[in-house]
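To start, the structure under review is shown below, and the notes come after it.
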Amino acid sequence: MAKDAFGAKVKEKVNWPVTILLLIGLITIIFPLYMAVVIAFKDGMSTDLAGILSLPATWSLDNFIEAIQVTDFFNSFMNSLIITVVAVVVSVLIHSLAAYAIGRNMDRKKLFKASYYFIIAGMYVPFAILMMPLVKQTAILHLDNMVGVMILYVVFYMPMDVMLYTGYLRNIPIALEEAARVDGASTWSTYWKIIFPLMKPMHATVAILTGLAVWNDVMTPLVIMGGSGVNTLPLAQMSFQTAFATDYNLAFASYLLAMLPMIIFYIFAQKQIISGVTNGAVK
Amino acid sequence: MASLAKSKVGAGRDKTFYAILIPILILFVAFNTIPLITGFLYSFTDSKGYGAFNIVGVQNYIDMFSDVRIGNSYLFTFKVAVVATILTNVISLVLALGLNSKIKFKSAFRALYFVPQILGALVVGYVFSYFFTYIVPALTGTSSILADPNLAWIAIVVVLVWQSCAQTTIIYITGLQSVPEDVYEAGSLDGATGWNQFRYLTLPLIMPSVTTNMVLVMKNMLMVFDQIVAMTSGGPAQSTESISYLIYNNGLSGGQFGYQCANAVIFFILIAVISILQTRFLNSREEQL
């Protein structure tokens, strides 16, 4: 609340023109989603615009039930969920640990400093150059499956996560660890008992950033396990695209189903997601 | 004695740190550095991706420069990336200024404008593909821009901007919030209001956010892939083949494994050089201000 020259509270004026402009602008966000919803609930396609965009006469779930069967929704959903959860948990555990070893030694030991820049440089490596050799490599190692995809995610997000964790670690005073050491605690137990819990805000950021990226990623599962019959949610959408060629009602029901888990998650964890994405980018 | 004991403990600590670092480094090297090196080596071969191959030296790199399809994919990717990066940043900055002003329903607005960020690019691409194929032509009475080799890139830009504004806006809002209120108060005494206030006070102070956003968005846009798969598959007439899409398509199923590895090496170097130059350039502008 603003105060006037005498320190009295002044009620701030609401900027209504901007509020109304923002409201109008929201159409651009809502329209594509509205279109998806009304088409998904309808039966058959209208040829004129009004018919396409009008609310359905009856809200039928038939398209959704069919889409669940056609895309094998629950299997793809479970695969996506397993891959994302494992990739996120392993990333949080391993990347924070790596950052701890690097961050606490990079000022005194060349190897750790070099390792830091070596890993961070991975951010500039586009997937396009790794993709072709990785297809061969994972096939040879029998990792052309979900396990391989999870390992790759842990490696791909290492540069970003290590950078975030190392940055965060600078704000944690080393005195805490020294006190624990005087009490006879090993480096290992000091880390898990003191440092790991202190990095909780950064775990949230890393989990959100890694989780969002992994959940929505298409390219990695496509090249590593595409055609194996095992689908993630985005892959299922791709594989059944031909089945949808003529049936847009079914297609949109399927698209909505694919978006639904993330939308539900967003409704519940909106603040964490927004701040996670912000912290990750601003460092 | 005391110092001996201390150094022993120190050595034990170092051991733990090495025991952590080395396995993680091995993992990183195995799935990042080694494929990078293998890709580089394959770029000197005529490998189809299977069977025997010959070493052809730098022939792939020479061929690339006279390859119209590759040339067009670079032109398309850079055109889309530059236009989409500028549009995303301008729109996001305007949106952030609006969302940061004294409006009603502030948090609801912010939450809704952020929604595109959480949705998968592939599915969003499918939805927009329908939008450009049926809704827009019905509104304008023209044929779909997705079927027009000269205009299809615009549809790609629209979907890219629609999705990337969310994160970019949030970063700008954070930047705007870091500007202390008294800067504006002091500025308004000097007559800095409206556009002047933005130009001479706000913009210089949020330059770090501009740097972050320009680099981040540009890098993402240069790697565009999902939207191409969902909306055009590189068509019509190969007019929307992005670099990543061409490498994927021809490298993995077009029998050009070695050749597209050479393409990927050039692409990698370009991404690295652009990101570094952009950061340097924008950072130097920050310091001047």
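Each chain gets a letter, A, B and so on, in the order the sequences are listed, and its residues count up from 1.
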*Interface moiety of A:W16 toward chain B, non-hydrogen atoms closer than 4.5 Å*: side chain

*With a 4.5 angstrom heavy-atom cut-off, could you sort out which part of A:Q270 is near chain B: side chain, backbone, both or neither?*
side chain

_Per-residue contact mode, A:M262 against chain B (heavy atom under 4.5 angstrom)_ = both

*Structural part of A:Y191 lying under 4.5 Å from a heavy atom of chain B*: neither

*asked:* Are A:Y248 and B:Y130, when compared by the centres of their aromatic rings, separated by less than 6.0 Å?
replied: yes

*Within 45° of the axis and under 6.0 Å from the centre of the six-membered ring of B:Y50, does NZ or CZ of A:K136 qualify?*
no

*Using non-hydrogen atoms and a 4.5 Å limit, figure out which bit of B:Y42 sits close to chain A: side chain, backbone, both or neither.*
side chain

*Check whether A:M132 gets within reach of chain B through its side chain, its backbone, both or neither, counting any heavy atom under 4.5 Å.*
both

*With respect to chain A, which residue among B:I274, B:N263, B:I247, B:T38 yields the maximal number of heavy-atom pairs within a distance under 4.5 Å?*
B:I247

*asked:* Between A:I20 and chain B, with a heavy-atom cut-off of 4.5 Å, which part of the residue counts as in contact: side chain, backbone, both or neither?
replied: neither

*Is it the backbone or the side chain of A:F265 that comes under 4.5 Å from a heavy atom of chain B, or both, or neither?*
neither

*Please, which pairs that meet side-chain hydrogen bond (donor to acceptor under 3.5 Å, both in side chains) have at least one residue in residues 150-160 of chain A, sequence neighbours excluded?*
A:Y153-A:D217

_Does any backbone or side-chain atom of A:A98 lie under 4.5 Å from a heavy atom of chain B? Answer side chain, backbone, both or neither._
both

_Residues that A:R104 engages under salt bridge (Lys or Arg N to Asp or Glu O under 4.0 Å), provided they are two or more places apart_ = A:E177

*Tell me, side chain or backbone of A:V135 under 4.5 Å from chain B's heavy atoms, or both, or neither?*
side chain

*Is it the side chain or the backbone of A:I94 that comes within 4.5 Å of chain B heavy atoms, both, or neither?*
both

*Search all heavy atoms of B:I20 against all heavy atoms of A:W188 and return the closest pair with its distance.*
CG1-CZ3, 4.1 Å

